[in-house]
Structures are given as C-alpha cells and as structure tokens.
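All values below come from the heavy atoms of this structure, side chains included, with hydrogens, waters and symmetry mates left out.
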Amino acid sequence: MALVPTTAANDTQLIAEVDMGSDVSVPTVRATVVQASTIFYDTPATLDKAERLLAEAAGFGSQLVVFPEAFVGGYPRGSNFGVSIGNRTPKGKEEFRKYHAAAIDVPGPEVDRLAAMAGKYRVHLVMGVIERDGYTLYCTVLFFDPQGRYLGKHRKVMPTALERIIWGFGDGSTIPVFETSIGKIGAAICWENRMPLLRTAMYAKGIEIYCAPTADSRDTWQASMTHIALEGGCFVLSANQFCRRKDYPPPPDYVFSGTEEELSPDSVVCAGGSVIISPSGTILAGPNYDGEALISADLDLGDIARAKFDFDVVGHYARPEVLSLVVRDHPTTPVTFTSASKKTEDSCNK
C-alpha cells in the first residue's frame, strides 16, 4: 500500500491508501471511501465540502466514491430531540424543525447538484443523505453514474434505537442493486448490515461491490464488514464520518446528552474506522481512526469469482429445498386512492 498525503482546500489532511501493483490483465476498479464530517445544519456548505472531496478522489483516479451515512443532512449524534416516554419538549421539537430543514428532497435541487458532480468528475457516486419526504425523514443512500445520472436510492429499512423517533422506515421497493460498468453496486446502512435476510436479498440480486455507509466506529464493526465480504463473496466498502465536538454547533444550540460536560471542542465523538475489504476477507485499505481521510484501493474484480468458487451463498451453497426467502419488493403506502381506477372502469362499461 502506498500512502499519498494531500491537503484539501480547507487544510484538512487527507490520506489515500492505494495498491498500485495490480495485474493489468484482470479488470480493476479504483475505489475510495470518504471519511469526513458533515457541516451540521449547513447543507450548502456540506455539498461544497463533498465536491472538494470528490475532486480529491477523482485526482487519485477513483472510479467509485462512497460517502458516509447521513453525510448530507447530518447524523445527529448525541441528540435526544427532547424525547422521553409520554413527552416531547419544545426545544426538542425545534431541534427537529432545524434538522428537517437541513434534509433534502429526492428528487430535488441538491440531488441535481450531486448528479452534476458525479458527471463532472466522471465517477460512480454513492452518497449518504437525510431524505425529506413531506414531514417524514429517511436515512437514505443515493446512487449516481459517471454520466451525471441519478440511478436511484436505498432507504434504511430499520433505524436503530432512538433513530426510530426521527427517521421513517424504508420498504422493500428501495433495496436496489445497480448493474454498472464497474460491477453490480448496492448499499446497506449501518446496523441494517446485521440483518441476515436483508443481506441475502442483496446477494440474490448479484451484488459485487457492497457499500456500507455507517455511524459505527467501534472495533466490532470491522468483524461485521469482514463477515459480509466472506459471506457475500463481494467487496465491502464501509465509510464513516470522523467528527470532533467542534464539528457540531456549540451548546446550547446543540447538546450531547449526558456527555456534554465531558467534551472539549477537540474531543473525538466519532472515530471513523472506514475500511475496504476484499471477497476473501483481506483488508485492502484502512481501517482509519486518525482523522478525516480518503481511503482508496484497487479492487481486482477477479477476486469475486475466486471467492465464489469456495462459497456462493445463493448459488451452489444454497439449499432452497430446505431454506428460502420471500422479499416483498413493492412500495407500501398508507393511503391509496381508487378514484382514477374507478373512472377507467366506468368508461370501459359505457
């Protein structure tokens, strides 16, 4: 691995870990996971930062760039939104209003800008966002191709713990795996990566480059990422934010519940741990716990077939006569209007 230090426009040191010795006789993809913090409550500035980082990654020759969970819109670490059983505080409701205002519509102008960025730098872009759909928010991943086209989205199907207070639940209609020029790409977000049936659905769609944006920087996360790479016979790219207390608004505007008095502006509140792992379980780059970084590696796509020869979880190693999975992949909506279909029936009966 070669370490190539660079300096971004905001003087944040970025590190790319790139294997420059790949065999040119097999297809390779240069991939980068971004480890950096949101500019909280400032979506335009966060998009500017995303473009600077994307330009850095493209400068290394990256063809695929993966950003962390909730990079656009922010991961509200440490906030409880004033919630207790049977009560919500006025301050917590105001926090949600500001968080809602920082989220983005899909489609919307911010999605258009992200698509233009992917086209400008000629990269496949996987971006974690907070999606606003009316007055409900979703933790979402957006996908873009190098032609500047928005491909689609994945909504987190199961928010964890207090996340369920502020985010809605995705359904089976947003578990895509996209066939692209560099392989089949999909994503699962943070702890939904622990859901075996969700992973199985993605394996059945043929995922080859498995993106895992997260907010989990603990050592135990690495075991999950290695397991998924081995289980799925796929590359796993996990991107997490690296954040200090000063990356969030100061108190009293933003308070880390229960720990604020222990934190200084330079206290690390999310330590990163972003990593790239091969289908054989080999760590190709990372995990990085040192600061904001671009973490890159060349993916030898031949490793997928080599791994599947040993273990193909939905192929020769499956036992469908014993075990099977049904995935309901249609959208679920709380309200259905039948007036349009009734008018069609009435016109046919005349």
Side-chain angles (χ1 to χ4, degrees), residues 8-12 34-50 52-53 67-105 108-110 127-140 156 159-169 189-191 213-218 239-273 289-292:
N10 62 355
D11 294 328
T12 301
V34 172
Q35 180 165 288
S37 65
T38 302
I39 301 175
F40 211 82
Y41 289 152
D42 193 339
T43 296
T46 299
L47 289 170
D48 289 343
K49 182 174 183 177
R52 291 195 299 269
L53 294 167
F67 279 76
E69 176 180 12
F71 185 78
V72 177
Y75 187 83
R77 185 175 301 277
S79 181
N80 63 16
F81 289 86
V83 172
S84 59
I85 298 298
N87 187 52
R88 293 178 178 85
T89 66
K91 183 177 185 298
K93 291 180 180 182
E94 175 60 13
E95 287 176 4
F96 181 79
R97 185 201 65 77
K98 292 191 290 185
Y99 191 53
H100 180 272
I104 68 172
D105 296 321
E110 293 86 2
M127 175 64 72
V129 306
I130 300 303
E131 176 191 359
R132 180 177 56 221
D133 189 352
Y135 289 95
T136 294
L137 302 180
Y138 295 91
C139 185
T140 298
K156 194 174 192 177
T160 296
L162 200 66
E163 293 174 358
R164 298 171 203 172
I165 298 295
I166 55 168
W167 296 339
F169 294 60
I189 307 169
C190 206
W191 276 20
T214 189
D216 191 340
S217 62
R218 298 172 306 157
N240 193 8
Q241 298 193 33
F242 182 93
C243 305
R244 299 184 186 275
R245 176 63 185 88
K246 63 186 177 185
D247 293 317
Y248 287 80
D253 291 336
Y254 193 102
V255 175
F256 278 71
S257 300
T259 61
E260 186 65 60
E261 64 281 357
E262 303 167 10
L263 300 175
S264 72
D266 287 323
S267 294
V268 175
V269 295
C270 183
Y289 297 100
D290 297 329
E292 292 200 337

Open item on the list: Any salt bridge linking E94 with K91? Criterion: basic side-chain nitrogen under 4.0 Å from a carboxylate oxygen.
Closed with: no
TODO: Of all the heavy-atom pairs spanning F96 and I166, show the shortest one and how long it is.
DONE: CE1-O, 4.0 Å
TODO: Tell me, with the steps shown, if E292 and K49 meet salt bridge (Lys or Arg N to Asp or Glu O under 4.0 Å).
DONE: CA-CA 12 Å; E292 292 200 337; K49 182 174 183 177; 2.8 Å; yes
TODO: Return the set of residues passing side-chain hydrogen bond (donor to acceptor under 3.5 Å, both in side chains) with T89 (not counting sequence neighbours), or none when no residue passes.
DONE: none
- [ ] Using distance alone, with no hydrogens and no angle criterion, decide if S257 and N80 have a side-chain donor and acceptor under 3.5 Å apart.
- [x] yes
Task: Atom of A50, atom of F71 and distance for their closest heavy-atom approach - done: CB-CE2, 3.8 Å
Open item on the list: Measuring only between side-chain heavy atoms, which start at C-beta, is Y99 closer than 4.5 Å to S79?
Closed with: no
TODO: For R245, enumerate each residue passing the salt bridge (charged side-chain N to carboxylate O under 4.0 Å, His left out) test, keeping only those at least two apart in sequence or located in another chain.
DONE: E260
Open item on the list: In terms of relative ring orientation, are Y248 and F256 parallel, tilted or perpendicular, with 30° and 60° separating the classes?
Closed with: perpendicular
Task: Side-chain donor/acceptor of Q241 to backbone N/O of E69, under 3.5 Å - done: yes
Task: T140 vs K156 side-chain heavy atoms within contact, under 4.5 Å - done: no
- [ ] Looking only at non-hydrogen atoms, find the nearest pair between A215 and C270 and report the distance.
- [x] O-SG, 4.2 Å
- [ ] Please tell me if the side chains of L162 and F81 come closer than 4.5 Å, counting only heavy atoms from C-beta onward.
- [x] no
Task: Q35 side chain vs A239 backbone, donor-acceptor pair below 3.5 Å - done: no
TODO: Step through the shown structure and confirm whether more than 12 heavy atoms of other residues, nucleotides or ligands are within 6.0 Å of CZ on R164.
DONE: yes
Open item on the list: Looking at every non-hydrogen atom in both residues, tell me the closest pair between D247 and S37 and how far apart they are.
Closed with: CG-OG, 3.5 Å
Open item on the list: So which atom in W167 and which in P76 form the shortest heavy-atom distance, rounded to 0.1 Å?
Closed with: CZ2-CD, 4.2 Å
Open item on the list: Among I130, T38, I104, D48, which residue satisfies the side-chain contact (heavy atoms from CB on, under 4.5 Å) criterion with T43?
Closed with: I104
Open item on the list: Using the side chain to side chain contact (heavy atoms under 4.5 Å, CB included) criterion, which residues pair with D216? Sequence neighbours excluded.
Closed with: C190, W191, T214, R218, W221
TODO: Look only at the side chain of T136 and the backbone of D133, and say whether a donor-acceptor pair between them is shorter than 3.5 Å.
DONE: no
